[in-house]
Amino acid sequence: MSGFGKGCHLHLIDGSAFIFRAFHALPPLTRKSDGLPIGAVSGFCNMIFKMVEDNRGPDAPTHVAVIFDKGSHTFRNDLYDKYKANRDEMPEDLRPQIPLTREATRAFNIACIELEGFEADDIIATYAREARERGGRVTIISSDKDLMQLVGGGVEMFDAMKNTRLGPEEVEAKFGVPPDRVIDVQALAGDSVDNIPGAPGIGIKTAAQLINEYGDLDTLLARAEEIRQPKRRQTLIEFADQIRLSRQLVTLDDSVEGLEPLDDLDVREPDAEALMAFLSQMEFRTLTRRIAEKMGVEAPEMPEPGSAAAAAAAGDAPEPAALKAGFDAQGYQTVSDRAALDAWITLIRERGHVAVDTETTSLDEMRAELVGISLAVEPGSACYIPLGHVTGEGDLLGAAERAPGQMAMDEALSMLKPVLEDDAILKIGQNMKYDMKILARVGIDVAPIADTMLMSYALHAGLHGHGMDTLAERYLNHTPIPIKSILGSGKAQVTFDRVPIAEATAYAAEDADITLRLWMLFAPKLGAEHVATVYETLERPLVPVLARMEMAGVKVDRDHLSRMSNAFAQKMAQLEDEIQSLAGRKFNVGSPKQLGEILFDEMSLAGGKKGKTGAYGTGADVLEELAAQGHDLPARVLDWRQISKLKSTYTDALQGHIHPETGRVHTSYVISGATTGRLASTDPNLQNIPVRTEEGRRIREAFVAEKGNVLVSLDYSQIELRILAHIAGIDSLKQAFQDGLDIHAMTASEMFGVPIEGMDPMVRRQAKAINFGVIYGISAFGLANNLRIPRDQARDFIDRYFERFPGIREYMDETVAFAKDTGHVLTLFGRRIHTPEIGAKGPRAGFAQRAAINAPIQGTAADIIRRAMIRVPRAIEGLPARMLLQVHDELLFEVEEGAAEETIARVRAVMEAAAEPAVRLDVPLTVDAGRGPNWAAAH
DNA sequence: GTAATCACG
DNA sequence: GACGTACGTGATTACG
């Protein structure tokens, strides 16, 4: 049979929808030999096979095709930029399976249809229309409601999962209108999955009622004035344009051009050999056997999983247990020509994933120069591509010659670029942010990515660090070649470009190899340990966002800092003189040891306490106590210390961090640095720039906007207390936040029975300290220390607080009990923070318990701002604005002056809604915003 | 390399 | 009844 006409029956299979359903419905299955995720491919093949089997009867299709989506941008994105904008990124386990489902379709000898820039639904609509016009029947194998508008006139749908047919009656039962009015109902009701706005407050029920009453959408909109219900009438009038736009979005395009002719979709018998080859390559044991039986052919030899033969049969698959053994530098290849690199690229394309590691001249991504790239596609099989090595000797000036045996940098990069940017190839790295930044500087935008460091963080936060050496030792029982053995240390240390290529290969290829093995080990664990969502929504998508922020940097006014440094130096010299004359001799004011001796031995002041190291304590609290007793020397030392800190850490050091080319300071965020989910900022730390004192705030004035721009700061108000109110379920606290009250004043009022109006600031301050204490896992000792009150008074405050807010105590007890029971605590978003010390005895028990109480609160706040940051780029797309810094509950932007208000509005909306839809908080999140020429003014 | 100190949320 | 604590970070300096 070939030509399509009357009596013909076309089956259109919605491939993309099916892959997603298979992926989410099935447990994460991986290929035995190398850990390649293949669950969705397996589900897909089973479904195709079932379709083929079921369709041998009298109702058999004469024509069949599997239709896939291709490309992420369609005409709907041009109509509406938020179309499907709330879709999460594709899970990394799924991505490498996408090309395999195409292969599977072809292996079954079924037409595989996709067209760049078109959704599968439009292609299906086009074929369905043509088939109907030519007098044939159509069955659409899908349960997607967006396709239901096509039903009728010989077109039916079939839900392969539920094994049910959908005709016009079923569609009408679902939408309340006949199929030809479905788009009208969808246009009104909207769709949260595809982000179709529709008419606010109108769902399918109301929409159907309206359409049935007025006949169709145009009539309804034209006669909206007649609607009796005032709210509905107003909505339809006000949102008429949005409703029309929604209809455009939901209406399928049934005239897609450039498709394979319908006549060519005729059912063909699969080629047994090709099909068996594909199935055995995927290592589908059961399915291969079943299909072989049906087709009457011999199933290909497929040895038992885990056996030595299994590895051999899979071609160049790894040795059994290869994940934990078989590191062999001999097996690593140095790639120095086109042909060799081509061979690796072919391997990568076959696999759909590759572990990547870059070697550079520095750990500072903004200054590092690319020296080489290593790749690994399966355990034990890795290569290194040297690109910027120089000969070790060099002349006296340090000038060195390019080492022989290397590809030209440009040539290698232009070959790798398509692979590193290919949507269908997963790039696996350990701390991928680093490699992404290095490669971005040579014009390569790496995507999509996986990160073993972040996988470990999602799995093991609180248990140990997540550096590669730690992970290799713990999980692969292997100690990697130490970098020091390659570069040397101290004065003799060289940069990586001076390492001989053979040694560099052994080191670099091993890193890629380890990374790949860790990925294979961790990837299936994410699902099994229930942290896949954390990794996919809070870790992985943050990487490109942070990479962009770090590369943007923030402009710092060097002269401003320099002037402050000079002023500080003078002031310090003056204070030093005063201090030394008060002491009666010269000493190093910066030495706590010497200061302790002066204060407590020579001057015989009371209150000297030696710590465990035998030294006197001279911390700020001790000095403040002495100063309060009227001693001048400690008061001067406090002043000196403050200025010394500001000078050394900020006004001096920050100048050294100004990048010579950009004139800006580029921090680096450590995503897995803090156990709670917070970020850490290093080199320099821009999360602890002074703000609490007047002199400190002047340092923030050095953080400025470029000409014509302003800095915009947005920060969450009281986010941790709000989270506490939600998690512990404290009604009075929740109510106070809903009413927008001053939460510390309200706490004081509840505790001490004083009115909020005209409250003594001291009373409010005490309540504030208690509120913070609660977040930290309050103790009488800690509160007493903080408020400088007797311990029994602190005890009394705490008792009264728990009496007034009994839910807090329950939360604390339950959290500690949970931690003892499971060894971890959870944030609202499922982030897992391990508490290995929770069972400890002695003082460490208290530490662990307070940390366990604090972690879900601090961690949930960290999750929320991460969610906001991930959504920000899309929200400010098109605006002349960039996100520069994150300081735990604050985001800092640099914006062209005219766009400041719009930026504030959009970012505030994102931040305030950041918990949704995953979590619906009982308290509102509110965001304060400011703008100004510098960071101090933006607050 | 570690301890003490102090900057931030 | 004693232990000895507020939670989470990073940079700098002194000192062994």
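Residue numbering restarts at 1 for every chain, and letters A, B, ... go by the order of the sequence lines. These values consider heavy atoms only, across backbone and side chains, with no hydrogens, waters or symmetry-generated copies.
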What is the nucleic acid contact for A:Ala620, judged by heavy atoms within less than 4.0 Å: base, sugar-phosphate only, or nothing?
sugar-phosphate
Would you mind building the protein contact string for nucleotides 9-16 of chain C? One character per nucleotide, 5' to 3', B for base within reach (heavy atoms under 4.0 Å), S for sugar-phosphate only, - for untouched.
SBBSSSSS
Within the structure shown, what part of the strands sits under 4.0 Å from A:Glu890 by heavy-atom distance: base, sugar-phosphate, or nothing?
nothing
Any donor-acceptor pair under 3.5 Å linking the side-chain atoms of A:Ser668 with those of A:Asp683?
no
With heavy atoms under 4.0 Å as the rule, sort A:Asp889 into base, sugar-phosphate or nothing.
sugar-phosphate
Sorted by chain and residue number, the ring-ring contact (aromatic ring centres under 6.0 Å, His included) partners of A:Tyr801 (sequence neighbours excluded) come out as A:Phe805
Reckon A:Phe847 touches a base, only the sugar-phosphate, or nothing at all at heavy-atom distances under 4.0 Å?
sugar-phosphate
Pairing annotation in dot-bracket form, given for DNA chain C with Watson-Crick or G-U pairs under 3.5 Å and | for cross-strand partners
......|||||||||.
Side chain to side chain donor-acceptor pair (under 3.5 Å) partners of residues 928-939 of chain A, not counting sequence neighbours, each pair once
A:Arg700-A:His939, A:Glu890-A:Trp935, A:Glu890-A:His939, A:Glu901-A:Arg931
Starting from P on B:dA4, measure out to OH on A:Tyr616 and report it in whole angstrom.
15 Å
Hey, are A:Thr667 and A:Ser681 close enough side-chain-wise for a donor-acceptor pair under 3.5 Å?
yes
Hey, can you pull the donor-acceptor pairs under 3.5 Å for the side chains in residues 778-792 of chain A, sequence neighbours left out?
residue: A:Ser779; atom: OG; partner: A:Gly782; partner atom: N; Å: 3.0
residue: A:Arg788; atom: NH2; partner: A:Glu624; partner atom: OE1; Å: 3.1

Once you apply a heavy-atom cut-off of 4.0 Å, does A:Ile775 come out as touching a base, just sugar-phosphate, or nothing?
nothing
Can you list the residues that meet the side chain to side chain contact (heavy atoms under 4.5 Å, CB included) rule with A:Glu912, with sequence neighbours excluded?
A:Arg908, A:Thr926, A:Val927
Sorted by number, residues from residues 810-818 of chain A placing a heavy atom under 4.0 Å from DNA chain C are none
Results of side chain to side chain contact (heavy atoms under 4.5 Å, CB included) for A:Pro836 - residues two or more places apart only
A:Leu463, A:His834
Which nucleotide, C:dA6, C:dG8, B:dT5, lies nearest any side-chain atom of A:Thr618?
B:dT5
For A:Thr827, run the side-chain hydrogen bond (donor to acceptor under 3.5 Å, both in side chains) check against A:Asp863, A:Thr860, A:Thr676 and tell me which one passes.
A:Asp863
Using whole Å, what does the distance between atom P of nucleotide B:dA7 and atom CZ of A:Arg698 come to?
17 Å
Any chance you could lay out the ring-ring contact (aromatic ring centres under 6.0 Å, His included) test for A:His464 and A:His466, step after step, and finish with the verdict?
CA-CA 7 Å; A:His464 51 69; A:His466 313 283; 5.6 Å; yes
How close or far is atom P of B:dA4 from atom CG of A:Leu623, stated in whole angstroms?
15 Å
Could you tell me the separation between the CG atom of A:Asn785 and the P atom of C:dA6, rounded to a whole number of Å?
7 Å
Contact class for A:Ala794 (heavy atom, under 4.0 Å): base, sugar-phosphate, or nothing?
nothing
The criterion is side chain to side chain contact (heavy atoms under 4.5 Å, CB included); which residues satisfy it with A:Ile853, sequence neighbours excluded?
A:Tyr811, A:Met812, A:Val816
Is the distance from OP1 or OP2 of C:dG8 to the nearest side-chain N or O of A:Arg678 less than 4.0 Å?
no
Rounded off to whole Å, could you give me the CD1-to-P distance for the A:Ile853 and C:dT5 pair?
18 Å
Set of side chain to side chain contact (heavy atoms under 4.5 Å, CB included) partners for A:Pro592, sequence neighbours left out
A:Thr618
Over all strands shown, is A:Gly619 touching base, sugar-phosphate only, or nothing at heavy-atom distances under 4.0 angstrom?
sugar-phosphate
Nearest whole angstrom, please: distance from the C1' of C:dA6 to the CZ of A:Phe772.
12 Å
For A:Phe818, all residues meeting ring-ring contact (aromatic ring centres under 6.0 Å, His included), sequence neighbours excluded:
A:His824
Residues passing the ring-ring contact (aromatic ring centres under 6.0 Å, His included) test with A:Tyr716, sequence neighbours excluded, are none
Examine B:dA7: is either OP1 or OP2 under 4.0 Å from a nitrogen or oxygen in the side chain of A:Arg692? Give yes or no.
no
A:Asn854 CG to B:dG9 C1', straight-line distance once rounded to whole Å
11 Å
Distance, rounded to the nearest Å, where A:Gln687 contributes CD and C:dC7 contributes C1':
15 Å
Measuring only the P atom in each nucleotide, how far is C:dT5 from B:dA4? A whole number of Å is fine.
11 Å
Determine the interatomic distance between P on C:dA6 and the same-named atom on B:dT5; round to the nearest Å.
13 Å
When we call it a touch if two heavy atoms are under 4.0 Å apart, what does A:Arg791 touch: a base, just sugar-phosphate, or nothing?
base
